[in-house]
There are 2 protein chains.
Amino acid sequence: MRISSRCEYGLRAMIYLARTAGDDPTPLTEIARREDMPTAFLERILARLREGGLVASTRGASGGYRLSRPAGAISVADIVTAIEGPLSLVGCLPDEGGCARAGSCASQAVWRRLDDAISRALSDISLDELSVEAITT
Amino acid sequence: MRISSRCEYGLRAMIYLARTAGDDPTPLTEIARREDMPTAFLERILARLREGGLVASTRGASGGYRLSRPAGAISVADIVTAIEGPLSLVGCLPDEGGCARAGSCASQAVWRRLDDAISRALSDISLDELSVEAITT
DNA sequence: ATAATCCCGACTGTTTCTGTTGTGTATCGA
DNA sequence: TCGATACACAACAGAAACAGTCGGGATTAT
């Protein structure tokens, strides 16, 4: 159960964008260079973030990406969801089809509780908390 | 970030063993049949659980598996860890080598918090809670 | 002995991850 | 208008993980 590089890159890029908010749009190449991430790969991650409505892009010379909302209105859960799809850990929960043995399945309760814990943890952290330099855990 | 079948099967098998605790050792084939899981695959999962010290096996006719401790002393975290390895979501946390940009890396704080939330959620659930039929979330 | 049972290594098909490459399109500035 | 700077998008590819199978060997109760 590791976090994917996609997700890690995406979050780092969002933090970078939060720190440069207010400036001109930030080009992909700048983010990739400064954060040391593969450019083309990052582009596809930013595409998902754009589709998720978290960043806006402007094309052409002196174009780039910026946050589409204030950093305070973006949670880590938003970012992870945009990149990875729904957070849910298993496909057998009642709200997505369920499985044959649902009801008598005790393990379902475990994943549901875990889903909740993850969801809560990620929703609690907003991007502006992360954009300040010193993080006091 | 889905739960692997390995893990799902493993948990279900452990719940099954908790319910048959006190009886003779339960053969692999019985668990697989009753829980509708692929036999050979389940065997390899039980091997991990044995290596993790959670189940004990007896060989030969009328052999099988049983829990090596009372169900109340086994948490879901124990089970998941035995099957999947350490729960940690990223490899860059200080306690496992770290990465070059640690310290200035705000995203690290996110994964650390998420690790904690997951770990706490799974440690809180013990196997005997799951072995009773009705689960009241 | 024989049947039941665990043990274990090797193998395979599929999917996901982690990228790369190449082409096209929009925009700005000279 | 031309060219440089960007984003947009689709196709491709190697590597790893996942999910599961197969076959043989070792152990033990009856």
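Residue numbering restarts at 1 for every chain, and letters A, B, ... go by the order of the sequence lines.
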Given atom [atom1] of [X] and atom [atom2] of [N], what is their separation to the nearest angstrom?
| X | N | atom1 | atom2 | result |
| --- | --- | --- | --- | --- |
| A:Tyr65 | D:dT5 | OH | C1' | 13 Å |
| B:Leu46 | C:dT5 | CG | P | 14 Å |
| A:Asp36 | C:dG19 | CG | P | 11 Å |
| B:Leu42 | D:dA19 | CG | P | 14 Å |
| A:Asp24 | D:dA6 | CG | C1' | 13 Å |
| A:Arg2 | C:dT18 | CZ | P | 12 Å |
| A:Glu8 | C:dG19 | CD | C1' | 16 Å |
| B:Ile45 | C:dC8 | CD1 | C1' | 15 Å |

Anything under 3.5 Å between a donor and an acceptor, one on a side chain of residues 50-71 of chain B, the other on a protein residue two or more places apart or in another chain? List them.
from, atom 1, to, atom 2, distance (Å)
B:Thr58, OG1, B:Gly64, N, 3.4
B:Ser68, OG, B:Gly53, O, 2.6
B:Ser68, OG, B:Leu54, O, 3.1
B:Arg69, NE, B:Ala73, O, 3.2
B:Arg69, NH2, B:Ala73, O, 3.2
B:Arg69, NH2, B:Asp78, OD2, 3.3

Taking all heavy atoms of [X] and all of [Y], pick out the closest pair and write down the distance.
| X | Y | answer |
| --- | --- | --- |
| B:Leu87 | B:Ser119 | CD1-CA, 4.2 Å |
| B:Arg2 | A:Ser88 | NE-O, 3.4 Å |
| A:Cys7 | A:Val80 | SG-CG2, 3.8 Å |

Measuring from [X]:[atom1] to [Y]:[atom2], what's the distance to the nearest 0.5 Å?
| X | Y | atom1 | atom2 | value |
| --- | --- | --- | --- | --- |
| A:Leu114 | B:Asp124 | CG | CG | 11.5 Å |
| A:Ile83 | A:Glu8 | CD1 | CD | 10.0 Å |
| B:Ile125 | A:Arg113 | CD1 | CZ | 4.0 Å |
| A:Ile15 | A:Leu130 | CD1 | CG | 4.5 Å |
| A:Glu35 | A:Leu11 | CD | CG | 10.0 Å |
| A:Thr29 | A:Arg34 | OG1 | CZ | 11.5 Å |

>> Once ring-ring contact (aromatic ring centres under 6.0 Å, His included) is applied, what residue pairs with a partner in residues 17-36 of chain B remain, sequence neighbours excluded?
In response: none
> Can you list every pair that meets ring-ring contact (aromatic ring centres under 6.0 Å, His included) and has a residue in residues 10-46 of chain B, with sequence neighbours left out?
Replying inline: B:Tyr9-B:Phe41
>> Under 4.0 Å, counting only non-hydrogen atoms across every strand here, what does A:Leu28 touch: a base, just sugar-phosphate, or nothing?
In response: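 The answer is sugar-phosphate, as A:Leu28 gets under 4.0 Å only of primed atoms, P, OP1 or OP2.
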> What residues form a side-chain hydrogen bond (donor to acceptor under 3.5 Å, both in side chains) with B:Asp128, not counting sequence neighbours?
Replying inline: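 B:Asp128 satisfies side-chain hydrogen bond (donor to acceptor under 3.5 Å, both in side chains) with B:Ser126 once adjacent residues are dropped.
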> Who passes side-chain hydrogen bond (donor to acceptor under 3.5 Å, both in side chains) against B:Thr81, sequence neighbours left out?
Replying inline: none
> Looking at DNA chain C, which of residues 47-55 of chain A put a heavy atom within less than 4.0 Å of it?
Replying inline: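 Those residues: none at all.
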>> Can you list, in residue-number order, the parts of residues 77-84 of chain A that come under 4.0 Å of DNA chain C, counting heavy atoms only?
In response: none
> Given C:dA4, is OP1 or OP2 found less than 4.0 Å from the side-chain N or O atoms of B:Thr29?
Replying inline: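 For B:Thr29, the contact criterion (side-chain N or O under 4.0 Å from OP1 or OP2 of C:dA4) is not met.
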> Should A:Tyr9 be listed as having a side-chain N or O under 4.0 Å from OP1 or OP2 of C:dT18?
Replying inline: no
>> Treating primed atoms plus P, OP1 and OP2 as sugar-phosphate and everything else as base, which nucleotides of nucleotides 20-30 of chain C get B, S or - for protein heavy atoms under 4.0 Å?
In response: BB--BBBBS--
> For A:Arg6, which residues count as a salt bridge (Lys or Arg N to Asp or Glu O under 4.0 Å) partner, sequence neighbours excluded?
Replying inline: A:Glu84
> Got a sec, which residues hit salt bridge (Lys or Arg N to Asp or Glu O under 4.0 Å) with A:Glu30, two or more places apart in sequence or on another chain?
Replying inline: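 By the salt bridge (Lys or Arg N to Asp or Glu O under 4.0 Å) rule, A:Glu30 matches no residue at all.
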Could you list, one pair per line, each protein nitrogen or oxygen that sits under 3.5 Å from a nitrogen or oxygen of nucleotides 14-17 of chain D, together with the distance?
none

>> For the helix from C:dA1-D:dT30 to C:dA30-D:dT1, what angle separates the axis at the start from the axis at the finish, each from five pairs, in steps of 10°?
In response: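 The angle, to the nearest 10 degrees, is 10°.
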